[in-house]
Protein chains: 2
Amino acid sequence: MSVNPNIAEVVSLMGESSRAAILTSLMDGRFHTAGELAHMAAIKPQTASFHLAKLVEGGCVIVEKHGRFRYYQLANQEIANFLETLLSVAPPPKVNSLMQSSQLKAIRNARTCYDHLAGSLGVGLTESMVEAGYLEKEEKEFKVTSKGEQFFADLGIDIAAVRKKRRSFSRACLDWSERHHHLAGALGEELATRLFELEWIIRLPKTRAVKITEKGRLGFREYFHFTI
Amino acid sequence: MSVNPNIAEVVSLMGESSRAAILTSLMDGRFHTAGELAHMAAIKPQTASFHLAKLVEGGCVIVEKHGRFRYYQLANQEIANFLETLLSVAPPPKVNSLMQSSQLKAIRNARTCYDHLAGSLGVGLTESMVEAGYLEKEEKEFKVTSKGEQFFADLGIDIAAVRKKRRSFSRACLDWSERHHHLAGALGEELATRLFELEWIIRLPKTRAVKITEKGRLGFREYFHFTI
DNA sequence: TCTATATTTCGATGATAGTTGAAATATTTA
DNA sequence: TAAATATTTCAACTATCATCGAAATATAGA
């Protein structure tokens with residue numbers, strides 16, 4: 001038997017349904033309390049506690065204590081990237097109720113993929129930017145054109161500052177619901193942050209689905225030539 | 001509870017140690033019989049049979065029958081890419097014997113990563129090509145320079161033909177043993193194939209470690225300016 | 001100080017999943 | 001045709017692991 005990295009070890013932590021549900025819930029990039037995560041994963045608080053301990057021990061999740069509350073978040077960008085990969089290769093969700101159907105529709109429409117935008121919105125904006133010549137699509141990444149530098153500056157994003165960040169600049173992230181790429185990386189994050197600041201999109205409680213505001217609808221149409 | 005792709009489903013298939021061992025063994029890109037895989041994974045044939053059935057059922061592995069033999073292989077490029085990712089995030093192998101230490105050394109030195117080269121050799125060749133100006137490193141991919149086009153043509157590789165393939169052209173694959181990138185994608189595959197043809201490297205039985213021939217040593221030094 | 005709330009810990013239970021001996025099946029060889 | 005080899009199937013066993021009721025611990029609020 002030959003020596004190999006032990007892929008089972010890293011993978012088995014995520015291959016259990018309650019832990020998978022917790023991790024997926026944390027893909028909105030926010031902190032959540034143990035009770036919230038238990039509710040989101042539809043398990044009892046003590047079960048959530050048990051699993052969260054494993055996730056923290058295994059390095060997937062970090063915890064901060066604030067009084068009686070324990071706030072949990074994904075440990076780092078690497079874990080999030082890995083979960084993205086898992087989400088893109090996993091079978092699509094099964095829908096068993098009208099409520100789930102509605103939830104799925106919202107998630108497919110617009111959601112956070114850790115720190116950047118995904119769904120129809122994420123892919124739509126990305127493709128609009130490519131079509132307008134602000135971004136150039138490569139195989140696994142996007143390039144910002146000079147025209148695009150101006151575009152982002154006008155939007156209030158300093159590209160030079162984004163480039164200085166010690167992480168991937170602009171990855172192509174495969175969107176699990178659209179099966180096309182949306183913009184990820186430092187630039188994807190900055191764009192999402194800016195759009196939240198502009199209140200073109202707002203976060204919703206208990207879900208990583210994102211709501212597009214009326215102001216946003218107008219802004220996307222006018223600025224991105226993307227009609228929702 | 002919100003609807004999500006079920007990452008546990010895709011992941012639990014690989015998060016079991018016997019199946020993980022089988023999948024890792026199949027990362028040399030070759031067909032292997034059930035008996036060989038059982039031996040490589042250090043399990044009984046009936047256990048291997050049980051797990052292989054699950055892997056085939058789950059779409060990770062394909063099987064071809066030739067008489068009394070059953071030849072198993074990874075189902076496709078996507079599965080291999082996914083396993084690469086797992087290998088790069090998994091903890092390094094533990095070594096408990098002199099034999100394992102020796103095997104690990106061989107694997108770290110030069111091995112196949114499905115269809116392209118990895119280890120010191122894979123990373124070394126890749127970095128030599130970048131340094132010589134034949135390849136340009138981007139974040140997640142490599143670009144072939146015009147100088148590089150000539151280089152590959154001289155080596156007997158038709159870049160235009162490689163580009164026509166319906167897959168990633170030249171990915172940057174994170175090497176689990178070197179923690180740097182080696183060349184993957186269609187170009188990485190073509191390069192490995194050519195090097196095997198030239199007999200600069202040869203395959204070994206029962207392991208994805210690759211042996212560098214004396215001819216190869218000379219060729220790498222002269223042609224790639226890479227000294228082994 | 002007592003009550004309420006958030007979370008963790010503990011112990012028991014039941015289900016699941018992996019392993020293997022034995023046997024059966026499939027194919028090849030002499 | 002019988003023997004050998006490769007693989008699969010079956011059944012039983014054992015270990016592991018997730019879940020949850022109950023209780024304990026930690027913190028906040030009245």
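Below, read A as the first sequence line, B as the second, and so on, with proteins coming before strands; counting in each chain starts at 1.
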Intermediate values then yes/no, salt bridge (charged side-chain N to carboxylate O under 4.0 Å, His left out), A/Arg217 and A/Glu214: CA-CA 5 Å; A/Arg217 209 175 301 278; A/Glu214 193 51 44; 3.4 Å; yes
Residue from B/Ile107, B/Asp28, B/Thr112 passing side chain to side chain contact (heavy atoms under 4.5 Å, CB included) with B/Thr207: B/Ile107
Pair A/Thr213, A/Glu199: side-chain N/O donor-acceptor within cut-off below 3.5 Å: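 There is no such pair between these side chains.
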Sugar-phosphate only, base, or nothing, as touched by A/Tyr71 at under 4.0 Å among non-hydrogen atoms: nothing
Sugar-phosphate only, base, or nothing, as touched by A/Thr33 at under 4.0 Å among non-hydrogen atoms: sugar-phosphate
Check: A/Arg194 side chain, A/Ile157 main-chain N or O, donor-acceptor pair, under 3.5 Å: no
Under 3.5 Å, side-chain donor or acceptor atoms of residues 8-16 of chain B against the rest of the protein: list the pairs with distances, not counting sequence neighbours.
from    : atom 1 : to      : atom 2 : distance (Å)
B/Glu9  : OE1    : B/Asn6  : ND2    : 3.2
B/Ser12 : OG     : B/Ala8  : O      : 3.0
B/Glu16 : OE1    : B/Ser18 : N      : 3.1
B/Glu16 : OE1    : B/Arg19 : N      : 2.9
B/Glu16 : OE2    : B/Ser18 : N      : 3.2

Which whole-number value in Å describes the distance from [X] [atom1] to [N] [atom2]?
X	N	atom1	atom2	answer
A/Phe50	D/dA22	CZ	C1'	17 Å
A/Gln46	D/dG21	CD	P	7 Å
A/Lys44	D/dA22	NZ	C1'	12 Å

Range on DNA chain C touched by chain A, heavy atoms, distance below 4.0 Å: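 Both ends considered, the range comes out as C/dT5 to C/dT9.
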Trace of the side chain to side chain contact (heavy atoms under 4.5 Å, CB included) decision for B/Tyr72 with B/Val56: CA-CA 9 Å; B/Tyr72 295 88; B/Val56 170; 3.9 Å; yes
Nucleic acid contacts - residues 54-70 of chain A versus DNA chain D, non-hydrogen atoms under 4.0 Å: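 Residues of residues 54-70 of chain A under 4.0 Å from DNA chain D: A/Lys54, A/Gly67, A/Arg68.
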Audit row: B/Asp175, B/Arg111, salt bridge (charged side-chain N to carboxylate O under 4.0 Å, His left out) steps and yes/no: CA-CA 11 Å; B/Asp175 192 290; B/Arg111 69 180 179 270; 3.2 Å; yes
Full working for salt bridge (charged side-chain N to carboxylate O under 4.0 Å, His left out) between B/Glu36 and B/Arg30: CA-CA 12 Å; B/Glu36 284 173 355; B/Arg30 293 183 277 192; over 6 Å; no
Side-chain N or O of A/Thr47 closer than 4.0 Å to phosphate OP1/OP2 of D/dC20: yes
